[in-house]
Asks: 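Here it is, the structure, as structure tokens.
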Amino acid sequence: MPLRKSSRMFYHILVGAFALLMMYPILWLAASSLKPNNEIFTTAYSLIPSRLEFVNYKTGWRGFAGTTFGTFFTNSFIIVILSTIGAVISSALVAYGLARTRFWGQRFWFVCMMATMMLPHDVILVPQYVMFAKFDWVGTFKPLIIPHFFGTPFFIFLIMQFIRTIPKELDEAAKIDGCSKYSIFYRVIVPLIGPALITCSIFSFYWRWDDFINPLIFLNNPEKFPVSLALKLFLDGESLNNWGGMFAMATLSLLPVVVVFFIFQKYIVEGISTTGLKG
Amino acid sequence: MNKLRENEHLTGYVFTAPFVLGFLVFTLYPILSSLYYSFTDYNLYEAPGWLGLDNYQRMFTEDDKIAKSMQVTFTYVFASVPLRLVFALFVAMILNTATRATGIYRSAFYLPSLIGGSVAVAIMWQQIFGDQGLLNSALSLFGIHSTTSWIGSPSTALWTLIALSIWQFGSSMIIFLAGLKNIPRDYYEAASVDGANSVYRFFKITLPMLSPIILFNLTLQTISAFMTFTPAYIISRGEGGPLDQTLLYSLYLYRKAFSHFEMGYASAMAWIMLLIVGVLTLLIFKSSTRWVHYETKGD
């Protein structure tokens, strides 16, 4: 609907102001990370530091008891990258199996997958901990990585939806050319589901990067902490007064997420709109 | 021919094997063992001892915090989910006018929901609503000198969490925007010709056409709202305070399991939660036949 010029201006002022209001907390976090420690709360409403103070990044980066944020970021990247690779590859295989082959029990496993998607994670928190404790996995990255190699229901569902839009004739043609189901997957389907795989990778990246409860439960040695868990240490004990450092590291922890968002915006918006996936 | 069919059974299982295995080991087995633990006294170091229904009985007769955490959780879920959806729909409708800036606004509104679940944002929220935080500082500009800590005061603490949830309306908004774009223009034009005003068009066209999307969002967001953990943990420093006002059910369950090592009791709590979430989901779906409109193919 085209609006008249005056009402269009009014619209932009109103919506723009509202957008600014929604963004304000994030901008405030970033601005505070650049303020001198004593200024953060005295002029809290202001976005402009009296002078730019990068020292917060230095004191924050130092971390806790000899473990720097260099270690925490490395840990986060190891966990996120490995679990994302596992989740995307396994989900693509399962999605193809459920969408394009006919086998005994197919319907049953599809229902199991949808039920797992709706299952509150809290229900398996305790028994999974018991199980991983028996495997001797507690205190390692294994509980945070290995379960993702068995397909993620949300991604399976998303890729299945995508595979269904690929004409079956392509499979048939490849079959006539002598392709097995395996090579159809590899030669026909995989090259075509690229966008869905990218969408899944991005969401997996976000979810694993932000994950807090699993590292909280399964890790006990700060040297193994990912960034999300390390940020919590700012709230404990003697580090309590390093507000500047805390704001700086919090800002830094959001940076990868925001950067990925601006690069892959198109995939994210499409992913959310087509599946209702929560970002 | 028969041979070929059999092969396909095998192929199907080769591809779905990761999920089948993962489901059995990481989902089904834990669920079943959780059911067993819920009838036992289990501290992780000694073998579980059979208690029968004791854990469940204790939950409803002795443990006051269960009722408290349920009340807190229900308030949280029933305030944040509908408000967030209403807000998302409202903003989506505002953005659904074609201007070149829509993409920018969409990103600005989406960003909070992208990062909202993180520890960094929970920490930020804690500082915004603290006694010297951004909110009080902004209020002082308007001559209101408040020294209350919004997260420290029992009457407002939970509402800061609800506000954090509503602030993340962006992903629902994007889903609604996509839904709004799919409503054929001529529906509105036909209604306008018939003299329908905008309120009538909203209730008779927009809402019914969006109702399947609303159902999907309502269900998934209710489930995930019940499991909210990170912001409550960070903002209350793992305690659920003040006066248990932010003791969300997940947080209490976590404390029972991993601070007190009452694994049996925590499992019973998890099963009660599963039951509540299951019943709620069922209610939403049962009621949906009354309010969800599915377009028949070929219209």
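Reminder, nothing fancy here: chain letters follow the sequence lines and each chain counts from 1. No hydrogens, no waters, no symmetry mates; every other heavy atom, side chains included, goes into these values.
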Asks: Sort out for me which of B:Pro30, B:Gly116, B:Ser33 touches chain A most, counting heavy-atom pairs under 4.5 Å.
Replies: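 Greatest number of close heavy-atom pairs with chain A: B:Pro30.
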Asks: Measure B:Phe261 against the heavy atoms of chain A and call it side chain, backbone, both or neither at under 4.5 Å.
Replies: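 Nothing of B:Phe261, per the 4.5 Å heavy-atom cut-off to chain A.
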Asks: Tell me, side chain or backbone of A:Met246 under 4.5 Å from chain B's heavy atoms, or both, or neither?
Replies: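 Only the side chain of A:Met246 comes within 4.5 Å of chain B.
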Asks: Taking everything shown except A:Phe10 itself, do over 12 heavy atoms lie less than 6.0 Å from its CZ?
Replies: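 No.
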Asks: Please look at A:Leu20 and chain B and tell me whether the side chain, the backbone, both or neither of the residue comes under 4.5 angstrom of a heavy atom of that chain.
Replies: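 Answer is neither: A:Leu20 stays 4.5 Å or more from chain B.
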Asks: For each of A:Val227, A:Leu216, A:Leu14, tally heavy-atom pairs with chain B at distances under 4.5 Å, and name the one with the top tally.
Replies: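 Heavy-atom pairs under 4.5 Å are most numerous for A:Leu216.
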Asks: Quick one: which of B:Leu135, B:Leu21, B:Ile123, B:Leu28 has the most heavy-atom pairs under 4.5 Å with chain A, could you say?
Replies: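 Among B:Leu135, B:Leu21, B:Ile123, B:Leu28, the one with the most close pairs to chain A is B:Ile123.
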Asks: Give me the ring orientation class for A:Trp109 and B:Tyr13: parallel if the planes are under 30° apart, tilted from 30 to 60°, perpendicular past 60°.
Replies: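 Because their plane-to-plane angle is over 60°, the rings of A:Trp109 and B:Tyr13 count as perpendicular.
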Asks: Do the side chains of B:Thr16 and A:Met113 get nearer than 4.5 Å, heavy atoms only?
Replies: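 A side-chain contact is absent here, since even the closest heavy-atom pair is not under 4.5 Å.
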Asks: Any chance the rings of B:Phe15 and A:Phe103 have centres within less than 6.0 Å?
Replies: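 Between B:Phe15 and A:Phe103, the centre distance exceeds or equals 6.0 Å.
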Asks: Below 4.5 Å from any heavy atom of chain A, which atoms of B:Met124 appear? Answer side chain, backbone, both or neither.
Replies: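 Interface part for B:Met124: both.
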Asks: With only heavy atoms counted, which part of A:Ile26 is less than 4.5 Å from chain B, the side chain, the backbone, both or neither?
Replies: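 Both backbone and side chain.
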Asks: Among A:Val257, A:Val123, A:Leu231, A:Asp122, which has the most heavy-atom pairs under 4.5 Å with chain B?
Replies: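 Answer, by heavy-atom pair count under 4.5 Å with chain B: A:Asp122.
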Asks: Is the closest side-chain heavy-atom distance between B:Tyr42 and A:Val130 below 4.5 Å?
Replies: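 A side-chain contact under 4.5 Å exists here.
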Asks: Side chain, backbone, both or neither: which part of A:Tyr129 has an atom under 4.5 Å from a heavy atom of chain B?
Replies: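 For A:Tyr129, the side chain is the part near chain B, not the backbone.
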Asks: Considering non-hydrogen atoms only, spot the tightest contact between A:Asp210 and B:Leu114 and give its length.
Replies: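 Answer, listing the atom of A:Asp210 first, then B:Leu114: OD2-O, 3.9 Å.
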Asks: Between B:Tyr36 and chain A, with a heavy-atom cut-off of 4.5 Å, which part of the residue counts as in contact: side chain, backbone, both or neither?
Replies: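 Answer is neither: B:Tyr36 stays 4.5 Å or more from chain A.
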Asks: Do you know which two heavy atoms are closest between A:Ala250 and B:Ala120, and how far apart they sit?
Replies: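 Closest approach of A:Ala250 to B:Ala120: O-CB, 3.5 Å.
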Asks: Of all of A:Gln106, A:Met117, A:Met22, which one pairs up most often with chain B through heavy atoms under 4.5 Å apart?
Replies: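 Looking at each option in turn, the highest pair count goes to A:Met22.
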Asks: Do you know which of B:Val20, B:Ile104, B:Leu274 has the most heavy-atom pairs with chain A at a distance under 4.5 angstrom?
Replies: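 Highest number of pairs under 4.5 Å: B:Val20.
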Asks: Are the side chains of B:His9 and A:Thr101 in contact, using a 4.5 Å heavy-atom criterion?
Replies: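 Answer no - side chains too far apart.
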Asks: By a 4.5 Å heavy-atom criterion (distance strictly below it), what part of A:Ser253 contacts chain B: side chain, backbone, both, or neither?
Replies: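 Looking at A:Ser253, just its side chain touches chain B.
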Asks: Once rounded to the nearest 0.5 Å, what's the spacing between atom OG of B:Ser107 and atom CZ of A:Phe262?
Replies: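 Result: 6.0 Å between the selected atoms.
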Asks: Output, in order, the C-alpha distance, side-chain angles, deciding distance and verdict of side-chain contact (heavy atoms from CB on, under 4.5 Å) for B:Gln126 and A:Leu235.
Replies: CA-CA 11 Å; B:Gln126 190 189 37; A:Leu235 301 172; 3.3 Å; yes
Asks: Could you give the distance from OH (A:Tyr182) to OG1 (B:Thr11), rounded to the nearest 0.5 Å?
Replies: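 Going from the OH atom of A:Tyr182 to the OG1 atom of B:Thr11 covers 4.0 Å.
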Asks: Please find the pair of heavy atoms, one from A:Phe149 and one from B:Pro18, that lie closest to each other, and give the distance.
Replies: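 In this case the closest contact between A:Phe149 and B:Pro18 is O-CB, 4.1 Å.
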Asks: Under 4.5 Å, counting heavy-atom pairs only, tell me which of B:Ile128, B:Thr219, B:Leu177, B:Thr27 racks up the most with chain A.
Replies: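 When all of B:Ile128, B:Thr219, B:Leu177, B:Thr27 are compared, B:Ile128 has the most.
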Asks: For the aromatic rings, using the six-membered ring if either is Trp, is the centroid distance between A:Phe18 and B:Phe109 under 6.0 Å?
Replies: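 Ring centres of B:Phe109 and A:Phe18 closer than 6.0 Å.
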Asks: Quick check: closest heavy atoms across A:Pro120 and B:Met227, and the distance to 0.1 Å?
Replies: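 The pair with the smallest heavy-atom distance is CA-SD, 3.2 Å.
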Asks: Flag yes if more than 12 heavy atoms outside A:Phe135 fall under 6.0 Å of its CZ atom; otherwise flag no.
Replies: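 Buried by this count: over 12 neighbours within 6.0 Å.
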Asks: Is there a side-chain contact between A:Leu254 and B:Ser118 in this structure, where contact means two heavy atoms from C-beta onward sitting under 4.5 Å apart?
Replies: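 Of all side-chain heavy-atom pairs linking B:Ser118 with A:Leu254, at least one is under 4.5 Å.
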Asks: Hey, what do you get for OG (B:Ser224) to NE2 (A:His121), rounding to the nearest 0.5 Å?
Replies: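 Going from OG on B:Ser224 over to NE2 on A:His121, the span is 13.5 Å.
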Asks: So which residue, A:Ala92, A:Ser91, A:Cys112, ends up with the most heavy-atom pairs under 4.5 Å with chain B?
Replies: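 Of A:Ala92, A:Ser91, A:Cys112, A:Cys112 has the most heavy-atom pairs under 4.5 Å with chain B.
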Asks: Go through the atoms of A:Met23 and report whether side chain, backbone, both or neither lie under 4.5 Å from a heavy atom of chain B.
Replies: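 The answer is the side chain of A:Met23.
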Asks: Relative to chain B, which segment of A:Met131 carries a heavy atom at a distance below 4.5 Å: side chain, backbone, both, or neither?
Replies: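 Contact with chain B involves the side chain of A:Met131 alone.
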Asks: Let's test your reading of the structure: which of A:Ala95, A:Gly105, A:Pro25 forms the most heavy-atom pairs below 4.5 Å with chain B?
Replies: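 Going by pairs under 4.5 Å, I would pick A:Pro25.
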Asks: With a 4.5 angstrom heavy-atom cut-off, could you sort out which part of A:Ala133 is near chain B: side chain, backbone, both or neither?
Replies: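 Neither part, no heavy atoms under 4.5 Å.
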Asks: Taking side chain as everything from C-beta outward and backbone as N, CA, C, O, which of these in B:Val25 sits under 4.5 Å from a heavy atom of chain A? Side chain, backbone, both or neither.
Replies: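 Both parts, backbone and side chain.
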Asks: Can you tell if the side chain of B:Phe229 reaches within under 4.5 Å of the side chain of A:Leu125, non-hydrogen atoms only?
Replies: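 The answer is no; the side chains never approach within 4.5 Å.
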Asks: Would you call the rings of B:Phe26 and A:Trp137 parallel, tilted or perpendicular if under 30° counts as parallel and over 60° as perpendicular?
Replies: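 Rings of B:Phe26 and A:Trp137: tilted, 30 to 60°.
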Asks: In terms of heavy-atom proximity below 4.5 Å to chain A, should B:Tyr29 be classed as side chain, backbone, both, or neither?
Replies: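 For B:Tyr29, the side chain is the part near chain A, not the backbone.
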Asks: Select one option (side chain, backbone, both, neither) describing which atoms of B:Ile234 are under 4.5 Å from chain A's heavy atoms.
Replies: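 For B:Ile234, backbone and side chain are both near chain A.
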Asks: Does A:Pro127 reach the side chain of B:Ile31, with side-chain heavy atoms less than 4.5 Å apart?
Replies: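 Of all side-chain heavy-atom pairs linking B:Ile31 with A:Pro127, none is under 4.5 Å.
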Asks: Just give me the residue among B:Leu253, B:Ile94, B:Val277 that pairs up with chain A most often, heavy atom to heavy atom, under 4.5 Å.
Replies: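 The residue among B:Leu253, B:Ile94, B:Val277 with the greatest pair count is B:Ile94.
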Asks: Measure B:Tyr254 against the heavy atoms of chain A and call it side chain, backbone, both or neither at under 4.5 Å.
Replies: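 Side chain only.
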Asks: Does some side-chain heavy atom of B:Gln127 sit less than 4.5 Å from a side-chain heavy atom of A:Leu29?
Replies: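 The answer is no, as the side chains (C-beta and beyond) never meet within the 4.5 Å cut-off.
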Asks: Looking at B:Trp271, B:Tyr249, B:Phe176, B:Tyr233, which makes the most heavy-atom pairs under 4.5 Å with chain A?
Replies: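 The option with the most such pairs is B:Tyr233.
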